[in-house]
Amino acid sequence: FESLRADALNPKNMPNLTREAEGCIAPKRHYSTGNTSTIGAWGFVHGLNSYYFQATREVGMSPLSLGVLGKLGYRRKVWFTEDLRKWDKTFDRLFKSGTDALHMATSTTKAGREIALVDAFTKELKADKESSPRLDYLVLYATHYQYFYPDKFARHQPTTALGYSLNSGFADDDRKHKEKIHNRYLNAVEFADHQLGQIFAALRVSGRLKDTIVVIAGDHGEEFWEH
């Protein structure tokens with residue numbers, strides 16, 4: 001998940017994830033390799049401290065985890081709604097040599113792309129009859145600022161309008177809109193949780209869930225003037 005706060009895991013805002021997390025490993029301490037999407041994704045696949053970020057970029061180091069999974073026969077695929085190459089060439093630097101395919105969802109709206117992404121993934125699961133193992137790396141982007149969702153998820157009100165432009169770093173000028181901005185984030189969280197529910201349902205229907213390790217994580221959190 002993009003920009004997912006740890007406290008979003010609760011029955012009100014993420015009922016699907018909360019239900020799935022029962023009886024699973026749910027750490028109470030949370031760490032991130034950085035406060036940007038690029039470094040967050042880098043940390044997921046490299047498993048290194050962020051002090052090594054620049055060094056691995058300079059030498060073109062491929063993530064060891066993806067290479068090992070490839071040697072073990074895993075089909076490795078990245079699913080995304082935004083162009084990873086625009087994120088500081090993240091796809092080329094992290095995934096190009098360590099994955100077998102990239103699926104880029106398309107739609108006229110950002111929320112539509114999220115829906116298209118999950119639809120494509122669940123359809124592929126249903127059609128996949130091969131017995132070889134697979135690694136699917138999905139990025140749900142709705143919780144990234146500017147926080148987007150279909151109209152039916154506009155449950156927390158009032159909100160800022162889609163397209164509201166924050167000053168860099170949630171500056172003091174925007175503090176007066178704190179409640180509206182936070183409400184928009186919560187709506188996006190609940191939309192993302194709905195999407196996650198679709199993914200778990202597809203895993204169950206396909207019979208794969210019993211043989212699947214599902215890892216849910218945020219690349220970093222999100223701050224609303226708490227500090």
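Positions are given from 1 along the sequence.
Side-chain contact between Leu4 and Leu9: absent, with no pair of heavy atoms (C-beta onward) separated by less than 4.5 Å. Counting heavy atoms from C-beta outward, Arg134 and Asp128 have side chains that approach closer than 4.5 Å.
Every salt bridge (charged side-chain N to carboxylate O under 4.0 Å, His left out) that Lys77 has, sequence neighbours left out, goes to Glu124. Glu179 meets the salt bridge (charged side-chain N to carboxylate O under 4.0 Å, His left out) test with no other residue; sequence neighbours excluded. Shown here are the ring pair (Phe, Tyr, Trp, His ring centres under 6.0 Å) partners of His103, two or more places apart in sequence or in another chain: Trp79.
Of the N and O atoms on the side chains of Arg184 and Tyr145, not one donor lies less than 3.5 Å from an acceptor on the other residue.
In Asn49, the CG atom is crowded: over 12 heavy atoms of neighbouring residues, nucleotides or ligands sit closer than 6.0 Å. Heavy-atom neighbours of Tyr137 OH from other residues, nucleotides or ligands within 6.0 Å: above the threshold of 12. Open room surrounds CG on Asn35; 12 or fewer heavy atoms of other groups in view lie less than 6.0 Å from it. The environment of NZ in Lys110 is crowded: more than 12 heavy-atom neighbours from other residues, nucleotides or ligands sit within 6.0 Å.
Classification of Arg208 and Asp136 as a salt-bridged pair fails, no side-chain N sitting under 4.0 Å from a carboxylate O.
Separation of atoms NE2 (His30) and NZ (Lys28) is listed at 7.0 Å; rounding is to 0.5 Å. Annotation: the span from Thr160 atom OG1 to Tyr147 atom OH amounts to 8.5 Å, rounded to 0.5 Å. Atom CG in Leu162 sits 9.0 Å away from atom CZ in Phe148 (nearest 0.5 Å). Atom CG in Asp7 sits 11.5 Å away from atom CD in Glu222 (nearest 0.5 Å). In this structure, the separation between CG on Leu69 and OG1 on Thr99 is 11.5 Å, given to the nearest 0.5 Å. Expressed to the nearest 0.5 Å, how far OH of Tyr74 lies from OG of Ser65 amounts to 12.0 Å.
The shortest non-hydrogen separation linking Ser132 to Gly73 is CB-O, 4.3 Å. Taking all atoms of both residues into account, the shortest heavy-atom contact from Leu117 to Val139 is CD2-O, 3.6 Å. Nearest approach of Phe1 to Ala192, heavy atoms of both residues: CE2-CB, 3.4 Å. Thr122 and Gln198 get closest at one heavy-atom pair: CG2-O, 3.9 Å.
The aromatic rings of Phe191 and Phe153 sit tilted, their planes meeting at an angle between 30° and 60°.
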